[in-house]
Amino acid sequence: MKNSFQKLNRSFYTRDVLAVAKDLLGKIVVKKDGSKFISGKIVEVEAYDGSVDQAAHTFLGVTKRNKIMFGEGGFLYVYFTYGNHYCCNVVTGKEGSGTAVLIRAVEPISGIDLMIKNRFGRSLLNEKEKFNLTSGPGKVCKAFAITMDHYGIDLTGNEIYFLDSPKIKIKDIVAAKRIGIIKSVDLPWRFYIKDNPYVSKK
DNA sequence: ATCAAGATTACCT
DNA sequence: GGTAATCTTGATA
C-alpha cells in the first residue's frame with residue numbers, strides 16, 4: 001500500500017486530538033535502542049483535552065510538567081505516576097491546545113526479547129506473560145524503556161517515531177469510557193481495536 | 001514547608 | 001474483586 005510504513009509527519013499530529021487518537025490505532029510505534037529497534041502496533045489509546053476535560057493534566061493551565069502539551073503536536077509527553085510508572089502520550093493539535101493521546105497498549109512486533117528483559121529482567125516467558133507484556137500504559141513504557149529522559153522528544157525525529165499503516169475500519173474500533181480517572185468519567189474517549197488480546201481491559 | 005492525590009500495577013483472597 | 005506500594009507534582013499555607 002502506498003502510504004504504508006512511512007514515518008508519520010507533523011501534519012498528522014497537529015489535527016484534533018480525537019481524530020489523532022482514532023487514527024493512531026493500528027499505527028506502529030518505533031523506538032531506536034542503540035543498534036536495535038523496539039516496535040509495536042498501537043491497539044489502545046485515550047484522548048485528553050484540557051479545554052473541556054477535567055481529567056486532563058492541562059485542565060488547570062500551564063505547569064512545568066504539562067508544558068509540552070501546550071506546544072505543537074508531534075512531541076512526546078511523559079509523566080511519572082503512582083511512585084512507579086511512566087506513561088507516554090502523543091501531543092496533538094495546534095500550539096496552545098493542551099491536548100494529547102495516552103498510549104495505553106500495543107501489540108509487540110519487534111525487539112520482543114528486549115521488551116521481555118525490560119519488563120521482567122529475565123528471558124523466560126510463559127503464555128500468560130506474553131499478553132501481559134504491553135497491555136497497559138505503565139507496561140508499555142517499561143517494555144520500551146521510556147522515561148522522563150524522553151520528555152519532549154520530537155516524534156518526527158529518529159529516536160521515537162510512528163509509522164503509518166492501513167487505517168483500522170470504523171467497525172473494528174470500540175469507543176469506551178476512560179480508565180483510572182475520577183473526573184470527566186463519562187467522556188467516551190478511550191479507543192481500542194476490537195477483540196485484540198493486548199488491550200488492557202475490555 | 002507540608003500534604004493529598006494520582007491517566008497504575010502486582011499480588012492477595 | 002480488593003488493596004498496598006511508592007514518590008513526584010501541584011496546591012495550599
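To find a chain, count down the sequence lines: A is the first, B the second, and so on, and within it residues start at 1.
In this structure, Asn66(A) contributes its side chain and Met69(A) its backbone to no donor-acceptor pair below 3.5 Å. Judged by distance alone, the side chain of Arg65(A) and the main-chain N or O of Phe80(A) form no donor-acceptor pair under 3.5 Å.
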Practice problem: Quick one: do Tyr48(A) and His57(A) satisfy ring-ring contact (aromatic ring centres under 6.0 Å, His included)? Show the steps, please. | Solution: CA-CA 8 Å; Tyr48(A) 287 88; His57(A) 290 165; 7.2 Å; no
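One atom, CG of Asp149(A), and another, C1' of dT8(C), lie 16 Å apart when rounded to the nearest Å.
Judged purely by distance below 3.5 Å, without hydrogens or angles, the side chains of Ser200(A) and Ser135(A) never pair a donor atom with an acceptor atom.
For the atom pair OH of Tyr151(A) and CD1 of Ile68(A), the computed distance is 5.5 Å after rounding to the nearest 0.5 Å. From Ile160(A), atom CD1 reaches atom CD1 of Ile38(A) across 9.5 Å, with rounding to the nearest 0.5 Å.
For Arg15(A) and Phe12(A), the positive end sits near the middle of the six-membered ring, less than 6.0 Å away and at most 45° from its axis. At least one test fails for Lys27(A) against the ring of Phe162(A): distance under 6.0 Å to the centre or angle within 45° of the axis.
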Quiz item: How does DNA chain C look in dot-bracket form if you count Watson-Crick and G-U pairs under 3.5 Å, write [ ] for pairs that cross, and put | where a base pairs with another strand?
Solution: |||||.||||||.
Quiz item: With the sugar-phosphate defined as primed atoms, P, OP1 and OP2, and the base as all remaining atoms, what B/S/- string results for nucleotides 5-13 of chain B, 5' to 3', for protein heavy atoms under 4.0 Å?
Solution: -BBBSS---
